Number of protein chains: 4
Amino acid sequence: MPRHPDIRQLLIDAALALFAERTYEGTQMPAVAARAGVGVGSIYRHFASKEALGNAAFQDAKRDLRARLIAATAEPAVSTRAQFTQFWSGFTGFASSRPEAFAFLEHQQHDTFLDEDSRALAAELDQMAADFIEHGQRAGAIRDGEPRLLVALALGALAGLLRAIRPATVTDIPPVERDRAEEAIWSLLSASPLSAKDS
Amino acid sequence: MPRHPDIRQLLIDAALALFAERTYEGTQMPAVAARAGVGVGSIYRHFASKEALGNAAFQDAKRDLRARLIAATAEPAVSTRAQFTQFWSGFTGFASSRPEAFAFLEHQQHDTFLDEDSRALAAELDQMAADFIEHGQRAGAIRDGEPRLLVALALGALAGLLRAIRPATVTDIPPVERDRAEEAIWSLLSASPLSAKDS
Amino acid sequence: MPRHPDIRQLLIDAALALFAERTYEGTQMPAVAARAGVGVGSIYRHFASKEALGNAAFQDAKRDLRARLIAATAEPAVSTRAQFTQFWSGFTGFASSRPEAFAFLEHQQHDTFLDEDSRALAAELDQMAADFIEHGQRAGAIRDGEPRLLVALALGALAGLLRAIRPATVTDIPPVERDRAEEAIWSLLSASPLSAKDS
Amino acid sequence: MPRHPDIRQLLIDAALALFAERTYEGTQMPAVAARAGVGVGSIYRHFASKEALGNAAFQDAKRDLRARLIAATAEPAVSTRAQFTQFWSGFTGFASSRPEAFAFLEHQQHDTFLDEDSRALAAELDQMAADFIEHGQRAGAIRDGEPRLLVALALGALAGLLRAIRPATVTDIPPVERDRAEEAIWSLLSASPLSAKDS
DNA sequence: TATGAATGAGGATTCATTCAT
DNA sequence: AATGAATGAATCCTCATTCAT
C-alpha cells in the first residue's frame with residue numbers, strides 16, 4: 001500500500017496538467033514525477049509505462065466527465081432547452097473543477113497512444129451527447145442535421161471558448177458572458193427561433 | 001540550383017500534415033523528410049532546426065488563411081449575414097484545400113515552440129475576426145458579448161466540425177449538411193431574430 | 001546516491017586521456033563513456049555537454065598542476081637553480097603521475113572550446129611561471145629576455161620531451177637522461193655562466 | 001587542367017591554416033573550400049578525401065621545411081654553433097613564411113589520419129636533426145644525451161616560443177629577443193660552457 | 001516501498017561525400 | 001571542369017525505463 005493515500009491520483013492529475021500544457025509527447029516522465037512530488041521510479045509502481053499512464057489519465061478524465069453529465073442530467077428536465085442547461089452545467093462544472101483534464105480531453109484526436117478502452121469510453125460519451133441531440137430533434141427543439149456533427153459543433157465551440165480564456169476557467173468569466181455563451185451555443189443547436197417555443 | 005523546384009514548400013506541407021496528425025512534439029525529423037521524399041539532411045539546408053520548421057509551417061498556414069480571408073471578403077457585402085458567408089467560404093475553402101494546415105492551426109494552443117513572429121501573425125488573424133464581430137455588433141446583427149469570445153466560439157465550432165469528419169474535408173460533406181453547419185454557426189453569432197436589424 | 005563512488009572523476013580522466021590522444025574534436029562522447037566504463041547517458045548527469053566536460057577536464061588538470069607546483073615550491077629555496085629544481089619536480093611529478101593530463105594541457109592553444117574560467121586558470125599558471133623567471137632575472141641567475149617567452153621556451157622544451165617519449169613517462173627515462181634534460185632546460189634559462197651571480 | 005593554375009596549392013594552404021587553427025577533426029571541408037575560394041565539390045577533384053587532403057597538406061609542409069633546412073645547411077659551416085644558426089634560420093625562415101604550416105606540423109602527434117608516406121617524411125626530418133646533434137656531440141660541442149631527446153627539447157622550445165607569440169610570427173619579434181631565443185636554445189644544446197669554445 | 005542514478009535506444013543535427021547541372 | 005544542393009552515416013544529446021539501495 002502506497003505511503004501516500006493516493007499517489008495514483010496525484011500522478012494522474014500531474015500528468016493531465018502537463019499533457020494539457022505541453023502535449024503527451026512533449027511531457028517527460030521525470031516532469032510528471034516532479035509535479036506529483038514523487039520520485040520517477042514511483043510512477044512505475046503505479047503504471048506500467050508512459051502509455052499506460054496516458055490512458056489512465058484519459059480514462060480518469062472521461063469517467064469524471066461522464067459522472068458529472070449523468071449527475072447533471074439525472075433529474076428529468078421539462079424541455080430540451082432545460083436539458084441543454086443540464087448538459088451545459090455538467091460540462092462547465094467539469095471544465096472549471098478540472099480545467100487541465102478538460103483541456104487534455106479536447107485535444108485527443110491526436111490520440112496515437114490511446115488504447116481500446118480509452119476509445120470505447122470516448123465513444124460512449126459521444127453517444128450520450130448524440131442521444132441528447134437526437135431526442136431534441138425528435139422533439140422539434142434541435143435543428144436538423146447529422147447528430148454527431150451537431151455535437152462536434154457544440155463541443156468545439158465550448159472547447160474554443162475555454163481555450164480562449166485559458167488559463168482562466170469558466171467560473172472566472174463574468175456571469176453575463178457565461179450566460180451569453182450558453183445562449184449562443186444553444187442557438188447553434190436550436191431549431192429555427194420561430195419553432196423554439198418548446199425549448 | 002535546387003534539383004527540386006520547391007523542397008521548402010514540400011517540407012512545410014509534409015510537416016503540416018504530420019504535425020496535425022501526431023503533434024509537433026510527436027513528429028520526428030526523419031518522418032518529415034520521408035513524407036517530403038527527401039533526405040533528412042536536406043531539411044537543414046532549408047530550416048535551421050525543428051523549431052524553425054515548425055514556425056515556418058505555422059506562418060505558411062496562417063498567411064495562406066489570411067490571404068484567403070482577405071480575398072473572400074474583398075467584395076463589399078450587403079449585410080452582416082452575407083459578410084459571414086464570405087468568411088465562412090474563406091475558412092472552408094482553406095480547410096478543404098489544405099485540411100492538414102487547418103487542423104494544425106486549430107491545435108496551436110500547445111504552442112511551446114511558436115516564436116514572436118508566429119504569435120504576431122496569429123494575433124493579426126484573431127483581430128480580423130474580432131473586427132468582423134464588432135462591426136456586426138454595431139450593426140445590431142451579431143449578439144452582444146466580448147468579440148474575442150464569440151470568435152473563439154465560432155472558430156471552435158468549425159474546428160470541432162472538421163475534427164469530427166476527419167480525414168474527410170468540408171467539401172466531402174453533403175451540401176445540405178454543410179449549409180446547416182453554416183447556418184448553425186451563424187445562429188451562434190447572430191443577434192436574437194427579434195432584435196436583428198439587418199441580418 | 002551514486003552507485004559508483006566517483007563517476008565524475010572517472011569521466012574526467014577518460015576524457016583527458018582521449019583528448020590527449022585524439023584531440024577534443026576527434027573524441028566522441030560514446031568513446032569517453034566506454035573508457036570510463038559507464039553508459040553514454042551517465043556523462044550527461046555529470047556534465048551538461050561535451051564542451052562542459054572539456055572545460056571541467058582542462059580545469060581539473062590545471063588545478064592539479066597548480067597544486068603540485070605550489071607544494072613543490074613551498075619550501076624556501078637557497079638559489080634560483082634550486083628553485084628551478086622545485087619547479088622541475090613539480091612539472092615532472094605531474095607529468096609522470098598524470099601523463100595524459102599533461103599532454104592534454106600542452107595542446108590547448110587549439111582551445112576552441114575553453115571558457116572564461118579555463119582561460120583564467122591558464123593565465124594564473126602562466127603568471128606563476130613568469131614570476132619565477134622575473135625573480136631569477138632580478139637575482140642575475142636567469143638570462144635577460146621577455147619572461148613569458150622564456151617560460152614558453154622552457155615549457156615547450158619539456159612538452160617536446162614528453163611528447164617524444166610517449167607513451168612512456170618521465171619516470172621511465174633513465175635517471176641520467178632525466179638529469180641531463182633538467183640541466184639542458186636550466187641552461188636554456190640560466191644567465192651566461194660568466195654573468196651568473198647566484199646560480 | 002584546372003582553370004586556376006594552382007587550386008591544389010590554394011586548398012593545401014587553406015587546409016593548413018584551418019587545421020592549425022582548429023584541429024584537423026575540427027575543420028569541415030566546406031570551410032576549407034570557402035577559405036580557398038572554391039566550391040566544395042572542387043576539393044574532390046584534387047583530393048580523394050579529407051584524409052588525403054590532410055596528408056597532402058602535411059607532406060607539403062614537411063617537404064617545404066626539408067627544402068629550407070637543406071638550403072640553409074648547404075654551405076659548409078665552420079663550427080657546430082654556426083651550423084646551429086643555419087638550422088635556426090631554416091626553421092625560423094619556414095616558421096615566418098608559413099606560420100600555419102609550422103603550427104600545424106607542431107601538432108602532429110595527434111596524427112590519427114597520417115599515412116605511411118607522411119610518417120616516413122616526418123621520420124626523415126627527425127633524422128636530419130638527430131644527425132646534426134650526433135655530429136655536434138662527436139665534435140664535443142653538444143651536450144651528451146640521447147640525440148632524439150635533445151632534438152625534442154630544442155624543437156619543443158621553438159614550438160613553445162612560436163605558440164606563445166601567435167598570431168605574430170618570428171619576424172615580428174624584436175631582433176634582440178629573437179637572438180636571445182636562439183642563444184637560449186643553443187644553450188639548451190651546447191656542451192658545458194667551458195668546453196663551448198669550439199662552438 | 002520509494003527512490004533517483006544509471007542506462008541505451010532513439011531523436012535532432014552535422015558534415016564528408018556525391019552527382020546533376 | 002566547377003559547382004553546391006542533396007544525402008545519410010555518424011555525432012551529440014534526451015528520456016523512458018530499470019534496479020541497487
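We name chains A, B, ... by the order of the sequence lines, and we start the count at 1 in each one. What you are looking at is a predicted structure, and each value in this text was computed from that prediction instead of being measured.
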Going through the checks in order, is the side-chain contact (heavy atoms from CB on, under 4.5 Å) test met by B:R166 and B:E21?
CA-CA 10 Å; B:R166 213 162 343 151; B:E21 212 170 82; 6.0 Å; no
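- Candidate nucleotides E:dA12, F:dA2, F:dG8 were compared by shortest atom distance to the side chain of B:M29, and E:dA12 ranks first.
- To the nearest angstrom, P of F:dT11 lies 17 Å from CG of C:L53.
- F:dA6 is paired with E:dT17 under the criterion used here, namely a Watson-Crick or G-U wobble arrangement in which both key atom distances are under 3.5 Å.
- A heavy-atom distance below 4.5 Å is found between the side chains of A:D60 and A:Q9.
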Can you check salt bridge (charged side-chain N to carboxylate O under 4.0 Å, His left out) on D:E106 and D:R163, steps first, answer last?
CA-CA 9 Å; D:E106 275 321 303; D:R163 190 188 312 173; over 6 Å; no
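- Taking CZ from A:F102 and CG from A:L16, the interatomic distance works out to 12.5 Å, rounded to the nearest 0.5 Å.
- Residue whose closest nucleotide on DNA chain F sits further toward the 5' end, between D:I43 and C:G41: D:I43.
- For the OP1/OP2 pair of E:dT14 and a distance below 4.0 Å, the side-chain nitrogens and oxygens of B:Y44 include no atom meeting the criterion.
- Between the C1' atom of E:dA12 and the CG atom of B:L11 lies a distance of 15 Å, rounded to the nearest Å.
- Where C:S42 and C:P30 each meet DNA chain F at their nearest nucleotide, the meeting point lying more 5' is that of C:P30.
- Summarising the geometry, the separation between NZ on D:K50 and P on F:dA9 is reported as 19 Å, rounded to the nearest angstrom.
- Between B:R45 and the phosphate of F:dA6, there is no side-chain N or O to OP1/OP2 separation shorter than 4.0 Å.
- Between D:Q28 atom CD and F:dG4 atom P the separation is 17 Å, expressed in whole Å.
- Between C:V38 and B:A48, it is C:V38 whose nearest contact on DNA chain E lies nearer the 5' terminus.
- Ion pairing of B:D13 with B:R35 is absent here, as no side-chain N (NZ or NE/NH1/NH2) approaches a carboxylate O to less than 4.0 Å.
- Per the geometry, CD1 belonging to D:I7 stands 11 Å off C1' belonging to F:dT3, to the nearest Å.
- The residue among B:E51 and C:G37 whose nearest nucleotide of DNA chain E lies closer to the 5′ end is C:G37.
- Distance B:F47 CZ to E:dA12 C1': 16 Å, rounded to the nearest Å.
- Neither OP1 nor OP2 of F:dA1 sits under 4.0 Å from any side-chain N or O of D:H46.
- For the pair B:D6 CG and F:dA6 P, the interatomic distance rounds to 10 Å; values are reported in whole Å.
- Between the CG atom of B:L10 and the P atom of F:dA5 there is a distance of 17 Å, given to the nearest Å.
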